[in-house]
Amino acid sequence: MKTYQPKSIEAKWQKEWEKIGVYRQYARKKKFYVLDMFPYPSGAGLHVGHPKGYIATDVLARMKQLQGYGVLHPMGWDAFGLPAEQYAIKNKIHPEIAVKKNVAMFKKQLQKIGFTYDWEREISTTDPKYYKWTQWIFLQMWKKGLAYESYEPINWCPSCKTGLANEDLEQGKCERCGSIVEKRPMRQWVLRMTKYADRLLKDLDSRKLDWSESIKEQQRNWIGRSEGVEVTFPVAKTEEEIRVFTTRVDTIFGCTYVVVAPEHALIRSLESKITNLGEVKKYIKKSAGKSDMERTELTKEKTGVKLEGMEAVNPFNGEKVPIFVADYVLGAYGTGAVMAVPAHDERDFEFAKKYYLPIREVVASGKQAVSNKYQEKIKEAFIEDGILIDSGEFSGLTSAEARDKMTAWLVKEKLGEKKVNYKMRDWTFSRQRYWGEPIPLIHCEKCGVVPVPEKELPVKLPKVKSYEPTDTGESPLANIAKWVNVKCPKCKGQAKRETNTMPQWAGSCWYYLRFIDPKNRKALVDKKKEKKMMPVDVYVGGTEHATRHLLYARFWHKFLYDIRAVSGQEPFMKLVNQGLILASDGRKMSKRWGNVINPDDMVAQFGADAFRLYEMFMGPFVQSIAWNTDGVVGTRRFLEKVWKLQAKASSTKGDNKVIESLLHQTIKKVTEDIEEFKFNTAISALMIFVNAVEKENHLSLIAYRTFLILLSPFAPHISEELWRALGNKRSIFLAEWPRWDKKKIVSETMNIVVQVNGKLRAILNVEAGSDEEFVKSLALQDEKVKTHLAGKNIRKVIYIQDRILNLVVG
RNA sequence: GGGCGAGUGGUGGAAUGGUAGACACGUUGGACUCAAAAUCCAAUGCUGGCAACAGCGUGAGAGUUCAAGUCUCUCCUCGCCCACCA
């Protein structure tokens with residue numbers, strides 16, 4: 001017997017598997033689609049954290065194939081967008097060349113680990129043959145009015161020199177570079193994602209969607225649906241009115257002023273009537289210069305200016321209240337105006353205190369049935385529901401009742417209506433950068449916006465000398481006259497191409513569909529193939545994509561469903577989010593900290609199989625755990641033991657009952673644990689089996705073969721090597737996954753725990769299924785039990801067959 | 001401030017309400033060796049004891065139960081996400 005040398009074994013089988021296409025069993029009847037979130041091929045290459053998810057899907061894919069499924073397990077590259085472009089600028093290489101280089105490096109690194117990826121289906125979002133269809137989907141959206149041009153102020157990153165979507169911000173800062181994001185008015189393309197808000201929300205509750213509650217909750221919060229009422233406050237002595245949105249119309253009798261956002265149109269239309277216009281304009285200018293970050297700074301005191309010379313009229317009691325402009329009210333949410341009820345809203349309360357505005361209580365907590373309006377000082381806003389007071393005919397109602405009745409009254413009087421608002425905004429979809437899909441539209445002076453004809457897709461990204469961003473709000477593409485100036489497809493007159501590009505997240509919105517049919521030239525995916533393979537059965541990736549990729553992709557998928565391009569409403573059935581692998585110092589692995597571990601080194605030192613095993617053995621898959629290279633030693637030792645097992649395997653005789661039972665327990669444990677992503681305990685079960693067999697001097701051939709199959713998803717190379725050493729001509733991955741036999745799992749004797757008052761005193765080994773009388777009599781003979789029973793009466797006996805006997809004494 | 005999740009040996013972690021610490025790392029002792037590595041054997045939660053053994057023990061406190069790491073309540077700490085959304 002040779003010694004275990006992973007290097008030669010692994011290279012040999014990787015080549016062989018690729019040659020015979022062992023993973024391409026697509027003709028099988030049952031399908032299983034298991035998908036990884038495809039990576040950005042960054043210049044830094046892989047660190048040991050990246051493959052964790054890929055190994056997990058690979059283990060699952062291999063087991064599913066052994067169980068008879070035709071498994072689709074593809075890999076590709078999400079190579080457009082800022083990370084790739086910034087790397088290219090920094091290293092003075094064209095992004096296209098940099099991406100090619102990085103992809104080659106990533107692929108080489110991945111291939112060493114021995115994945116089941118079907119490289120014939122490899123795709124890259126930057127390939128014109130791919131982004132042709134990204135552009136095509138955009139055009140369909142444009143045709144349905146879901147893509148529109150907007151001039152609203154958007155998030156602008158001064159360092160990346162591009163507009164950003166709300167989803168691209170982290171606490172008011174650019175998610176890429178950490179710069180404080182400014183508000184900048186500019187022309188941009190926006191996708192009407194809010195039109196799908198309700199469906200995106202509702203379908204999260206579909207029982208078929210097996211996602212973690214935390215991700216679903218994050219999406220719910222991000223969509224941020226709230227039901228309320230829009231109420232009209234006429235502006236006294238004018239024809240104007242202010243519409244406000246509120247979820248608490250029950251507090252309207254406590255409204256003591258109205259606030260409009262600095263962006264609100266009312267200010268412009270009433271300019272002539274505002275007596276302190278200078279002051280107001282100064283305030284508006286000041287807040288316009290503020291970033292969202294500064295405007296929403298929580299510690300910041302609220303500021304505002306009263307619009308002198310005008311008042312708003314409360315439709316319920318006719319009361320005239322002052323109007324303020326204040327930047328704590330957001331222009332982009334609801335109507336950009338609110339009714340302020342300081343007694344029952346924390347923000348209004350704070351503002352009212354500062355500007356000495358009246359605070360009027362109109363909701364009493366349930367306990368205080370009587371009005372507490374004479375209370376001298378109110379210390380804080382009472383924001384909960386309660387019983388209405390001082391609210392005219394509505395006094396005495398509960399908040400919920402009042403909301404219904406007041407809304408009904410408003411609707412009847414045509415002074416308001418029910419309204420639903422969302423925190424989620426439409427998706428700012430254009431970027432003023434080079435490295436993205438060109439938006440396939442043409443601007444014609446005569447015809448307006450004209451789509452590029454479908455047969456002319458893709459609109460290829462032209463070669464350009466300088467792909468660095470400009471500061472003009474235009475992408476570098478705007479400087480390429482030859483590319484920009486085109487004939488209008490409609491009138492054949494002079495026209496210009498749209499020069500903005502799509503954001504990084506565009507290509508990943510539908511890539512899972514392309515893997516099904518990657519070379520199709522006529523459609524993004526063949527309908528029959530789509531229907532067979534979709535949805536993705538298991539999708540694995542990081543939790544950081546909760547409110548971006550996963551939301552965007554669901555949005556696109558629903559749109560594709562609506563135009564009958566796909567057959568289902570949701571793309572990803574089961575979603576599993578892996579925990580991070582941290583560096584041994586507990587920080588994230590990063591070049592900056594110099595704590596990166598390269599998988600190549602691990603594979604070279606311990607072998608791919610030991611590396612794969614360790615990543616799965618570290619701990620629960622969803623949990624973040626620090627890397628410890630010592631741990632790989634353990635899984636390598638385990639494989640050495642497995643290697644030595646071949647000396648014990650022979651067909652001359654069967655196994656004893658203990659090993660046979662353990663084998664079936666192991667089949668059950670490994671099968672169930674892989675299905676549930678509990679890889680650590682599955683591996684532990686394999687180790688327990690090997691440790692037990694080591695103590696024997698014989699292992700039956702059938703048990704050995706079964707064990708190899710169980711091990712093969714985790715450690716494919718060594719399993720294949722040992723499998724073929726048995727004389728098998730076909731790959732182990734074309735074998736059949738074992739089933740466990742319930743009868744064999746149950747052993748003949750059981751350990752019964754004997755407790756006295758709940759404390760362990762003895763363990764009895766008895767025949768399985770023994771009755772209480774028998775076990776009790778045996779227990780009473782036990783010396784230790786006797787000591788603890790001495791001088792006491794047995795008051796109660798709890799007996800659970802094959803488990804426990806508890807004697808309660810006193 | 002809101003939401004979600006987690007606290008178990010020296011370390012990573014295991015445990016359908018039923019033997020807490022499986023499995024692995026590390027450590028200690030021993031075998032093998034001129035020596036080392038590798039490998040093998042043994043021990044390894046804490047306290048007391050030569051030992052048999054006894055007591056204590058899953059962030060803190062209470063409760064339910066014959067029995068709680070697990071269920072309920074209160075509190076503490078940490079992590080992640082969201083955050084002036086009216």
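Throughout, a chain's letter reflects where its sequence line sits, starting with A, and its residues are numbered from 1. All of these numbers come straight from a predicted model, not from anything done at the bench.
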In terms of side-chain geometry, is the basic nitrogen of A:D782 or A:K784 positioned less than 4.0 Å from the acidic oxygen of its partner? no
Sequence neighbours excluded, which residues qualify as side-chain contact (heavy atoms from CB on, under 4.5 Å) partners of A:A768? A:M750, A:D802
Please determine if A:D168 and A:R548 form a salt bridge, counting it only when a charged side-chain N lies under 4.0 Å from a carboxylate O. yes
Where RNA chain B forms stems, i.e. three or more consecutive Watson-Crick or G-U pairs with both distances under 3.5 Å: B:1-7 with B:76-82, B:10-12 with B:23-25, B:26-31 with B:39-44, B:45-48 with B:53-56, B:59-63 with B:71-75
Counting any heavy atom closer than 4.0 Å, what does A:S212 reach on the DNA or RNA strands: base, sugar-phosphate only, or nothing? nothing
Is it possible for you to check whether A:K302 lies under 6.0 Å from the centre of the six-membered ring of A:F351, through NZ or CZ, and within 45° of that ring's axis? no
Evaluation steps, salt bridge (Lys or Arg N to Asp or Glu O under 4.0 Å), between A:R248 and A:D385: CA-CA 9 Å; A:R248 289 297 304 274; A:D385 277 8; 3.8 Å; yes
Presence of salt bridge, A:K354 and A:E350, under 4.0 angstrom: no
Any side-chain N or O of A:H788 below 4.0 angstrom from OP1/OP2 of B:A54? yes
Every protein N/O lying under 3.5 Å from an N/O of nucleotides 63-67 of chain B:
unit_1 : atom_1 : unit_2 : atom_2 : d
B:C66  : OP1    : A:K796 : NZ     : 3.3
B:C66  : O2'    : A:N806 : ND2    : 3.3
B:C66  : O2     : A:N806 : ND2    : 2.7

Using a cut-off of under 3.5 Å, enumerate the N/O to N/O pairs linking the protein to nucleotides 22-27 of chain B.
unit_1 : atom_1 : unit_2 : atom_2 : d
B:C23  : O4'    : A:S684 : OG     : 3.4
B:A24  : OP1    : A:N691 : ND2    : 3.0
B:C25  : OP1    : A:R637 : NH1    : 2.6
B:G26  : OP2    : A:R637 : NH1    : 3.4

Taking N and O atoms by type only, does the side chain of A:K302 place a donor or acceptor under 3.5 Å from a partner on the base of B:C84? yes
Where do A:W222 and A:K423 come nearest, in terms of heavy atoms and distance? O-CB, 3.8 Å
How would you list, by chain and number, every residue that makes a side-chain contact (heavy atoms from CB on, under 4.5 Å) with A:R587, sequence neighbours excluded? A:D585, A:W593, A:N595
Has A:K52 got its NZ or CZ under 6.0 Å from the middle of the six-membered ring of A:F621, at an angle within 45 degrees of the ring axis? yes
Which nucleotide wins on minimum distance to the side chain of A:S226, given the candidates B:A86, B:G3, B:G13? B:A86
Any donor-acceptor pair under 3.5 Å linking the side-chain atoms of A:Y328 with those of A:S287? no
Inspect the surroundings of CD in A:E346 and state if more than 12 heavy atoms from other residues, nucleotides or ligands are less than 6.0 Å away. no
Are any of the side-chain nitrogens in A:E417 or A:K419 under 4.0 Å away from the carboxylate oxygens of its partner? no
Given the 90°-from-0 boundary between syn and anti, B:G9 should be labelled syn
Between A:T635 (side chain) and A:A610 (backbone), is there a donor-acceptor pair under 3.5 Å? yes
Does A:K759 place a side-chain N or O at less than 4.0 Å from the phosphate oxygens OP1/OP2 of B:C56? yes
It should be established whether A:Y328 places a side-chain nitrogen or oxygen under 4.0 Å from OP1 or OP2 of nucleotide B:A86. no
Please list, pair by pair, any protein nitrogen or oxygen found under 3.5 Å from a nitrogen or oxygen in nucleotides 45-51 of chain B.
none

Residue met sooner reading RNA chain B from 5', once A:N421 and A:M618 are mapped to nucleotides: A:M618
